[in-house]
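Worksheet for the structure shown next.
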2 protein chains.
Amino acid sequence: MARTAGSHSETTGPRVQEAALRLFARQGFAAVSMRQIAAEVGVQAGALYNYTPDKQSLLFDLMRGHMDALLAERAARGAGGDAVSRLEEFTRFHIRFHLARPDAVFVSYMELRNLSPENFAVIEGLRRSYEDELEGILRDGVAAGQFDVADTKIATLAVIAMLTGVTTWYREAGRLSVTEVETIYWDMVRKAVAA
Amino acid sequence: MARTAGSHSETTGPRVQEAALRLFARQGFAAVSMRQIAAEVGVQAGALYNYTPDKQSLLFDLMRGHMDALLAERAARGAGGDAVSRLEEFTRFHIRFHLARPDAVFVSYMELRNLSPENFAVIEGLRRSYEDELEGILRDGVAAGQFDVADTKIATLAVIAMLTGVTTWYREAGRLSVTEVETIYWDMVRKAVAA
DNA sequence: TGTTTAACTGAACATCCGTTCAGAAAAAAG
DNA sequence: CTTTTTTCTGAACGGATGTTCAGTTAAACA
């Protein structure tokens, strides 16, 4: 028996990606088998190879998709105003974006070492360009006398680490809304780099 | 042929732990095989079971050892002074301790999901008690009017995330000494929670 | 309608996995 | 020296792994 009723390429493809993302986030890339992903989709393992050349590409495509979405949404926001308002925009955007896709964030931060060297270089480059935007804001603020940080590169990484950490504890059912969380973190970021 | 010359329990035991820690940090728990660890030690896979009941215990023992060392060294420091000086001590200690054991930090933060539920609960409890100490400092500072944070629990997690993030970029061969890094982070932490 | 095409099955491939254990050999004890 | 004990080997266990592929079936097309 092959190809049971109601199966279509257009729905199976995305479902493979969704199942892989969810499983990779919960168990880790190396601990998830192709048969497990296939079972989640409701298909035999061999059928997955209609949608991905191999397991490694499945991971890479998820990560690149996440980074592309991050940079695309970021580029869509207007970057006007002075350094302080741009930093607030960046802070709120980062929290909102990351809290909306906890699985993709988890996979993108935890599975870097499971990428092949070439794939790793691609993801690393995308991440770098995101960090560079924040560092540019900090540098502008320092030049304008609005910020005071000893080292803009370190401050960039410190701020991003602090903001991304929100994904480890935030739960939708919790007592705080995303906007409230944004405001609490913005308060700390603003003071941390203030002149 | 068995038991080649120069093999001793006293040296093999620690060597198993060291090899496991290094490999888990570089490849991840699930991606490392017992045969790989054994090869690193220079022994056959079966011999590992003289030193650990199973692979899961190997991971758990590494994590518990790390957390025990963290709490023990923390307890050894005198916790005198006002909230500001205690926070500075905590900040500098956290950075120094974590930069000294990058592999253990990496494993302890990345492999939590590979612990059995019971083992996870143990590690989580230890981590919680470490976080509680920082939250206590923040609460005291708020009560004394020295700090101003909207939510001490969130501020605790934000500060720890920021500080632990240092392990992702710091390299011993880099341009900054550990003490310089401590000072840069302390400057940001101090301002972030300041009244 | 019949024919083509895309999607999927089910079995197979070689290889690796964690773990066990009888037996061998070196070190320690007497 | 001989005996005991500890440490390790080497083979084996059942099962899981990623990936391939000939064959089957449902959908799309003519």
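Aromatic rings from A:H66 and A:F97 are positioned such that their centres are separated by under 6.0 Å. The aromatic ring centres of B:F60 and B:F29 sit 6.0 Å or more apart. A centroid separation of less than 6.0 Å is found between the aromatic rings of A:Y130 and A:H94.
Looking at B:S129 and B:D132, their side chains never bring a donor and an acceptor atom within 3.5 Å of each other.
The nucleotide whose nearest atom lies closest to any side-chain atom of A:A45 is, among C:dT9, C:dT20, D:dT19, D:dT19. Listed candidates were D:dT9, C:dT9, D:dT19. Nearest to the side chain of A:D54 is D:dT19.
Put simply, the side chain of B:R26 does not reach to within 4.5 Å of the side chain of A:R113, judged on heavy atoms.
Atom pair B:F29:CZ and C:dG18:C1' shows a separation of 10 Å (rounding to whole Å applied). The CG atom of B:L48 sits 14 Å away from the P atom of D:dT7 (whole-angstrom rounding). Taking atom OH of residue B:Y49 and atom C1' of nucleotide D:dG10, one finds them 15 Å apart after rounding to whole Å. Between the C1' atom of D:dT6 and the CG atom of B:N50 lies a distance of 8 Å, rounded to the nearest Å. Between A:R15 atom CZ and C:dC8 atom C1' the separation is 14 Å, expressed in whole Å. Distance CD (A:Q44) to P (D:dT24): 16 Å, rounded to an integer number of Å.
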Which atom pairs link the protein and nucleotides 14-17 of chain C when you take only N or O atoms and keep those under 3.5 Å?
unit_1 : atom_1 : unit_2 : atom_2 : d
C:dC17 : OP1    : B:S33  : OG     : 3.0

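Residue B:T12 has no polar side-chain atom (N or O) positioned under 4.0 Å from OP1 or OP2 of D:dT7. Listed pair A:Y51 / C:dC8 meets the phosphate criterion, a side-chain N or O lying under 4.0 Å from OP1 or OP2.
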Walk me through whether B:E124 and B:R128 qualify under salt bridge (charged side-chain N to carboxylate O under 4.0 Å, His left out). CA-CA 6 Å; B:E124 191 65 7; B:R128 173 63 77 101; 5.8 Å; no

